[in-house]
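Since this is a predicted model, take the numbers as computed values, not measurements.
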Amino acid sequence: MLVIIKTVCIVGCGKMGSALLSQWVEGPERITVVDPAGSDVPEEVTLVTDREQIADKRFDCIVAAVKPQLIDDIMADYIEHLAPGGYVLSIAAGYSGPRLSKLMGDAPVIRTMPNLPAAIGRGVSGICPGPHASSIHVTHAEAFMRRAGATITVGSEDKLDKVTAVAGSGPGYVFEIARAYAEAAMAQGFDEDEARDMVLGTIGGAIAMASEPSAPSLEELRNSVTSKGGTTAAGLGALNADGGLSKRLHDTLQAAYDRAVELR
């Protein structure tokens with residue numbers, strides 16, 4: 001049975017749900033949000049504060065965007081609102097796809113793990129289709145998430161946990177690195193605004209350069225600005241000559257992955 005995904009119901013609309021919704025509204029689907037908090041939504045989106053307000057409506061895609069600890073209490077009630085041939089898209093961290101599928105009567109489930117820059121269309125989202133998801137479901141989920149940035153589709157929940165460690169939690173690492181970098185600039189005598197502008201401009205420019213289609217490898221880019229005996233070489237020597245930075249980042253990703261596995 002050919003199913004065209006025309007209607008979407010988003011259950012819960014917290015920070016990440018709102019970030020994604022701001023990009024999802026650019027598509028053709030008719031979107032309804034069920035959120036007791038009555039979050040602000042774009043005018044083209046239907047907002048209700050109680051499931052009873054959607055009565056007997058059915059949707060081609062139901063997005064589980066509630067906190068993971070609330071899924072057991074909330075999502076089972078939405079089985080009756082999933083249209084024949086539809087699927088569930090979960091953005092809830094730490095709640096496995098098979099577990100959600102079982103809760104919702106063996107419904108097809110696709111898990112996705114977005115990150116916060118989705119709010120400006122620059123996110124990176126991992127996508128993990130469950131065993132009942134069809135190619136139509138996967139195609140829609142990938143297109144849906146691409147409105148919020150880049151996507152990577154993986155074949156297992158374990159790999160999705162690794163995407164979570166690298167990309168899902170990644171903005172936090174970058175913000176912390178930028179914060180420490182700006183703090184170090186302030187220690188050199190710059191005020192807070194000057195330090196922030198220099199640090200963010202430098203990071204942004206370097207990332208833009210590395211993102212060019214013809215850009216060389218990251219190692220080659222690093223080497224291109226590192227003259228023997230120069231200032232960059234001196235700075236890099238302090239930053240990672242003993243491999244301390246590389247090890248710290250490895251430990252960072254491992255700790256995040258280990259926690260994701262625990263939550264699953």
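Looking at every heavy atom in both residues, G97 comes nearest to R111 through N-CD, 3.3 Å. Residues G105 and I79 share a closest heavy-atom pair of N-CD1, 3.8 Å. Nearest heavy-atom pair, M209 versus A215, reported as atom, atom and distance to 0.1 Å: O-CB, 3.5 Å. The two residues I127 and A141 have their closest heavy-atom pair at CD1-O, 4.0 Å. The two residues Y95 and P68 come nearest to each other via the heavy atoms CD1-O, 3.8 Å. Here the shortest heavy-atom pairing between A64 and M75 reads CB-CE, 3.8 Å.
To the nearest 0.5 Å, the span separating CD1 on I54 from CD on E52 amounts to 10.0 Å. L21 CG to L47 CG: the interatomic distance, rounded to the nearest 0.5 Å, is 9.5 Å. Rounding to the nearest 0.5 Å places OG1 of T153 at 10.0 Å from CG of L160. The structure places SG of C128 at 10.0 Å from CG of D158, a figure rounded to the nearest 0.5 Å. Remark: C61 SG to I10 CD1 distance equals 8.5 Å, nearest 0.5 Å. To the nearest 0.5 Å, the span separating CG on L236 from OG1 on T226 amounts to 5.0 Å.
Put simply, the side chain of N240 gets close to the backbone of S246: a donor and an acceptor are under 3.5 Å apart. No donor-acceptor distance shorter than 3.5 angstrom exists from the side chain of S125 to the backbone of T151, with no hydrogens or angles considered. The main-chain N or O of V109 is never found under 3.5 Å from a side-chain atom of H137 such that the two would form a donor-acceptor pair. Judged by distance alone, with hydrogens and angles left aside, the side-chain atoms of S169 form no donor-acceptor pair with the main-chain N or O of A165 at under 3.5 Å. Not one N or O on the side chain of S101 forms a donor-acceptor pair closer than 3.5 Å with the backbone of P98. Panel note: side chain D60, backbone T7; a donor-acceptor pair is recorded below 3.5 Å.
The shortest distance between side-chain heavy atoms of Y78 and V88 does not fall below 4.5 Å. Within the 4.5 Å cutoff, the side chain of R51 has heavy atoms near those of the E80 side chain. In this structure, I136 and Y87 have side chains that are not in contact, with every pair of non-hydrogen atoms separated by 4.5 Å or more. With a 4.5 Å cut-off on side-chain heavy atoms, V8 and F144 count as touching. Contact check for M104 versus L82: no side-chain heavy atoms found under the 4.5 Å cut-off. Put simply, the side chain of K67 does not reach to within 4.5 Å of the side chain of I74, judged on heavy atoms. At least one side-chain heavy atom of M145 sits under 4.5 Å from a side-chain heavy atom of W24. Residues L249 and L253 are not in side-chain contact: their nearest non-hydrogen atoms beyond the backbone lie 4.5 Å or more apart.
The cluster map of Ile, Leu, Val, Met, Phe, Trp and Tyr, joined by side-chain heavy atoms under 4.5 Å apart, puts V41 and L89 in the same cluster. In terms of hydrophobic clustering, with Ile, Leu, Val, Met, Phe, Trp and Tyr side chains grouped at heavy-atom distances under 4.5 Å, F59 and V66 are assigned to a common cluster. M113 and V154 fall within the same hydrophobic cluster, defined by Ile, Leu, Val, Met, Phe, Trp and Tyr side-chain heavy atoms under 4.5 Å apart, directly or through other members. When hydrophobic clusters are built by joining Ile, Leu, Val, Met, Phe, Trp and Tyr residues whose side-chain heavy atoms come closer than 4.5 Å, directly or via intermediates, V11 is grouped together with L103. Grouping the Ile, Leu, Val, Met, Phe, Trp and Tyr side chains by contacts below 4.5 angstrom, directly or via other members, places V33 with M16.
Around CD of Q69, the count of heavy atoms belonging to other residues, nucleotides or ligands within 6.0 Å exceeds 12. Summarising the local packing, CD of Q53 is surrounded by more than 12 heavy atoms from other residues, nucleotides or ligands at distances under 6.0 Å. Atom CG of D77 is surrounded by more than 12 heavy atoms from other residues, nucleotides or ligands within 6.0 Å. Within 6.0 Å of CZ on F190 lie no more than 12 heavy atoms contributed by other residues, nucleotides or ligands.
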Starting from the C-alpha separation in whole Å, work towards a yes-or-no answer on side chain to side chain contact (heavy atoms under 4.5 Å, CB included) for R222 and E219. CA-CA 5 Å; R222 181 205 61 195; E219 183 177 6; 3.5 Å; yes

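Contact check on E183 versus R179 returns a salt bridge, with a Lys/Arg side-chain nitrogen under 4.0 Å from an Asp/Glu carboxylate oxygen.
The salt bridge (charged side-chain N to carboxylate O under 4.0 Å, His left out) pairs that include a residue from residues 29-38 are E29-R147, where partners are two or more places apart or lie in different chains.
In this structure, a donor-acceptor pair under 3.5 Å is present between the side chains of D258 and Q254.
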